[in-house]
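Every chain is numbered from 1, with letters handed out A, B, ... down the list of sequences. Computed from heavy atoms alone, side chains included, the values below leave out hydrogens, waters and symmetry copies.
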Amino acid sequence: MDLPKAYTHETVEPKWYARWLEWGLFEPRGSGTPFSMVIPPPNVTGSLHMGHALNNTLQDILCRYKRMDRYRVLWVPGTDHAGIATQNVVERQLAAEGLTRQQIGRKNFIERVWAWKHQAGNAILHQLKSLGVSCDWKHERFTMDEGLSRAVREAFVRLWEESLLYRAERLINWCPRCKTALADIEVVHEETDGQLWHIRYPLAEEPSRGIVVATTRPETMLGDTAVAVHPEDERYRAFHGKKIRLPITGRIVPLLADPYVDKEFGTGALKITPGHDFNDFEIGNRYGLDKISIFDADAKLDGQAFRARGETGDWIARYDGKDRFEARRMVVDELRGGGYLERTEPHRHALGRCYRCSTVVEPYLTPQWFVRIKPLAEPAIEAVRKGAIEIVPEGWANSYFAWMDNIKDWCISRQIWWGHQIPAWYCSRCDGNNIIRGTMDEITLTKEARPIVAREAPRLCPKCGGQDLVQDPDVLDTWFSSALWPFSTLGWPDPTQDLKTYYPTSTLVTGFDILFFWVARMIMMGLKFMNDVPFRDVYIHALVRDEHGQKMSKSKGNVIDPLDLMREYGTDAFRFTLASMAAIGRDIRLSEERVAGYQNFVNKLWNASRFVLMNLNGNENNARQETRALDAAELNLPDRWIRSRLAATITEARTAIDNYRFNDFASVLYQFTWHEFCDWYIEMSKLALNGAVGGRVDQSRRFLLEVLEQILLLLHPAIPFVTEEIWQVLGPNRPSIMSEPYPKPERRWTDRAAEAEMDFFMEAIRAIRNLRTEMNCPPGREVKVVFCGPAEDLAALRSFEPYVRALARVGAAEYGGDGERPKGAATAMVGSVELY
RNA sequence: GGUCGCAUAGCUCAGCUGGUUAGAGCGCUCGCCUCACAUGCGAGAGGUCGUAGGUUCGAGUCCUACUGCGACCACCA
């Protein structure tokens, strides 16, 4: 029964993690109230970063606490297939071999992604394990597991059957690099310095007159089908009803008067490109304008788009195949050459970029699948408004409402290969003209194609009995499967015991960056398919920044690898740091010094434990119940005090964690452990153990052990490894600390009189030490102290004299009878301190 | 453009529903290798709580404006 002089996290951490697994301690146990959480599934492509570390540390603290507190805890881990991100990774590998996915074909490509997933995809889970997370690995799921894929198909089909899903040609955000549609929230708007080009469009009838439009995207004029002005704009009243002949294309377009146009902006005249601008699209719909899609999927000019309309001219050949930015330069040059470019001015505006690859997105007219979202959003809004779901900190509820109130239909189809292929098929016989076969096995579907939606591939066309059915080549947005995560991981659509027991889950811990991507959608889908919220509480934690408050990013080179910190300072120190800085609603500025500071705390706990251990004689455990039940009358003051303080600490720690105040939790325990238990209680216990203050020595030993064990139990959720290590040395061969109940304060422990008395004595000791320092008294040198004050206080001090002697190095004490001194003010009672 | 958040010791931050001398960690100063711990012990310096008003018996804590940061949302070409 001994602790090594130094704590070695390198060997202790893996040892205990392996044993916890072996003992099945992460699996739900007992018959307590269920407490369940699902992990925000990290991307299979990911590696552990600070965000994951914080997110999972907080979840683990909750789980370990609840588990010890006798809840039946299930924490479901897993990973997300991360469609575009993963596809990009594997495509890059192919590129290194000089290949493209198109060259190897869809089937081979998907096999290749799976191979990659099996080989490298679970790295992040191993990293999570080294963080100590106590999730139930037997429940591990992957969003493309067979079970979860079935859930995805089921959800899709049900939405379709209830007309909450439709396929239609709409203007969507298109990433020309990923070559897929994106949902609105997958577009990151970025303020960018651009230009505003003022272009003169001549009237068809009188080319000498014209109207000047202002645009940030001159190349889109090739797709213009109208010009609009405000109906009450006096400048343009004379133009109403006129036709305009566009430069370059020579296309004749109408001039519209529409109040949407802002008279103040630019020239007050707006070119309308319904095929490449969301507003123009709306206007186009109102006036029945042609929507010309001037680009292909690569955002290169598509000559066919013009030829198909019967347009002619050598400009078509000139622009055909040109990239959109090249086209812009060409258009500007050509306009300038033709005298159409009136002027340009610098203009700052928000540019949309792909959230995966930062390519400037292109509004693009294509057939896509959409979720009709309003009917799903309404109950989801209600759930938060009525408190069925509580968002912490509540400020985020505002963002949630703002987004949900203005939510637009969700584009869920993606033109990539890695993901859940859409469970819709098309009949070659019925729909032949709408199915365009490309090279290899690629097909393209027109907007008129009529999908047959089914859970499993149909053998025959239900209409004509045809056998040649092709599946929709698109896959679903990754977030579609994530939205089902809280119930798909529990076995849905089967009515499993897990679902019954653990749904709705208790708490979701996540970052605000995926509030809309994920949280909002889980709420909508949970309510839709489970008729109940997916979780009761949503705890939204902050971002981990560097010590200067900068976002960590590879490009800035300020990324701190959590694994490095864990290796250097120990996982417990790292976890405790994260917890202690996780104040509600505030970003975390992580500095390495801070972690080092908490490593000292771990070390302090270790050494305090060594002290306790070396003072035990082996019989203490037998009498623990007795110790806990002892009456105040049987105890000396320090014992009464520490027990009372312990009770208060337990209450505060529980309250903190119950309210997701992880920083309070950490701070309360730090304070108690170091500054009450170590600084005072242990120091005073030395006298008791030496027999210098009377009382029973065995009782003092038991008290030391008892309080230390309570400290270990309290701290375990935050620093699981070192607490288990000490726990096991204190009681060899006993069950894991994880299976112990979380401390509860007993009413009799609270002893306000003892606390007041100790405060008084501690103040006296500090006053003496203070005076010693002021008079430059060497630390080892004993002094004589004269106390003056009310007789009652003097008597109290006299009873405490052995402690005063030891803790303030007092060799002799005198008690003068100055009744004038204020009662209870210990500092004032220290009349004089002198060398003797 | 809209919404929200933050401004408290040198640094990073607590301070929840307004109430005794505003706290912590790190850093700093001084003195100590005191038999658990120098990853330590003891003592100490350091803050007109962003600015200006207001509510109140009383405000870092509530209200208003301003300044400075930051975030999110957004179709003004």
Side-chain angles (χ1 to χ4, degrees), chain A residues 3 5-7 171 184-185 189 196-197 213-217 220 228 260-273 277-283 347 349-350 352 363 393 395-399 401-403 406 512-513 515-516 542-543 545 547-549 551 569 573 577 580-581 583-615 655-656 659 661 663-664 666-668 670-671 674-675 678-679 682-683 685-686 704 765-766 768-774 776-780 806-809:
Chain A
L3 279 172
K5 208 164 159 66
Y7 173 62
L171 203 55
D184 296 339
I185 44 172
H189 292 272
L196 200 56
W197 281 272
V213 299
T215 179
T216 55
R217 299 200 55 197
T220 62
Y260 163 76
V261 179
D262 180 356
K263 289 187 282 187
E264 308 303 318
F265 190 90
T267 62
L270 175 62
K271 65 189 269 308
I272 307 294
T273 322
D277 183 280
F278 290 97
N279 299 314
D280 296 5
F281 180 83
E282 295 297 323
I283 294 174
H347 180 64
H349 64 292
W396 285 108
N398 285 331
S399 304
F401 293 134
W403 191 70
N406 298 304
F512 59 79
D513 50 333
L515 182 59
F516 308 139
L543 215 64
R545 299 169 173 278
E547 57 190 312
H548 307 294
K551 214 165 168 168
Y569 302 100
T577 307
S580 71
M581 299 186 85
I584 283 181
R586 256 185 118 116
D587 283 350
I588 291 179
R589 299 196 183 190
L590 188 76
S591 73
E592 201 167 326
E593 292 89 77
R594 201 67 186 250
V595 185
Y598 287 116
Q599 187 188 22
N600 294 350
F601 175 65
V602 169
N603 182 255
K604 186 74 178 177
L605 179 65
W606 182 260
N607 281 302
S609 305
R610 289 180 57 219
F611 172 82
V612 172
L613 260 169
M614 64 180 58
N615 283 290
T655 304
N659 292 289
R661 305 184 72 92
N663 59 320
D664 287 349
S667 143
V668 156
Y670 182 101
Q671 212 60 29
W674 198 314
H675 298 304
C678 291
D679 286 355
I682 284 188
E683 290 308 317
S685 76
K686 289 174 181 171
L704 273 174
I765 287 168
R766 282 197 203 97
I768 299 166
R769 286 170 172 174
N770 183 349
L771 289 172
R772 289 179 56 109
T773 302
E774 275 177 21
N776 285 323
C777 174
L807 299 180
R809 291 275 161 147

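- Counting any heavy atom pair closer than 4.0 Å across all strands shown, A:D664 reaches sugar-phosphate atoms only and no base atom.
- Between the side chains of A:Y598 and A:S580, at least one donor N or O sits under 3.5 Å from an acceptor N or O.
- B:U3 and B:C16: their C1' atoms are spaced 24 Å apart (whole Å).
- Between the P atoms of B:U56 and B:G18, the separation comes to 16 Å (whole Å).
- At a threshold of 4.0 angstrom between heavy atoms, the contacts of A:C678 include nucleobase atoms, whether or not backbone atoms are also involved.
- Across B:G42, B:C37, B:G44, the shortest atom-to-atom separation from the side chain of A:D679 is found for B:G42.
- Across B:A24 and B:U8, the matching C1' atoms stand 13 Å from one another, rounded to whole Å.
- Among the heavy atoms of the strands lying under 4.0 Å from A:Y670 are primed sugar atoms or P, OP1, OP2 only; no base atom is included.
- Proximity of A:R594 to the phosphate of B:C26: no side-chain N or O atom is located under 4.0 Å from OP1 or OP2.
- Residue A:E593 has its side chain nearest to B:C26 when only B:U12, B:C41, B:C26 are considered.
- Counting any heavy atom pair closer than 4.0 Å across all strands shown, A:I682 reaches a base atom.
- Here the options are A:L171, A:I272, A:T220, the test is side-chain contact (heavy atoms from CB on, under 4.5 Å), and the partner is A:D280; only A:I272 passes.
- With B:C37, B:G31, B:A43 as the candidates, the nucleotide lying closest to the side chain of A:N607 is B:C37.
- For A:N603, taking side-chain heavy atoms from C-beta onward, the closest of the listed nucleotides B:C16, B:A36, B:U39 is B:U39.
- Among B:A43, B:A36, B:C37, the nucleotide with an atom closest to any side-chain atom of A:K5 is B:C37.
- At the heavy-atom level, A:W674 lies under 4.0 Å from the strands shown only through sugar-phosphate atoms.
- For B:C13, the OP1/OP2 oxygens have no side-chain nitrogen or oxygen of A:N663 closer than 4.0 Å.
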Sequence-aligned protein contact record of nucleotides 71-77 of chain B, with B where the base is within under 4.0 Å of a protein heavy atom and S where only the sugar-phosphate is = --SBBBB
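- When base pairs are accepted only as Watson-Crick or G-U wobble with both N-N or N-O distances under 3.5 Å, RNA chain B takes part in stems of 3 or more pairs at B:1-7 with B:67-73, B:10-13 with B:23-26, B:28-32 with B:40-44, B:50-54 with B:62-66.
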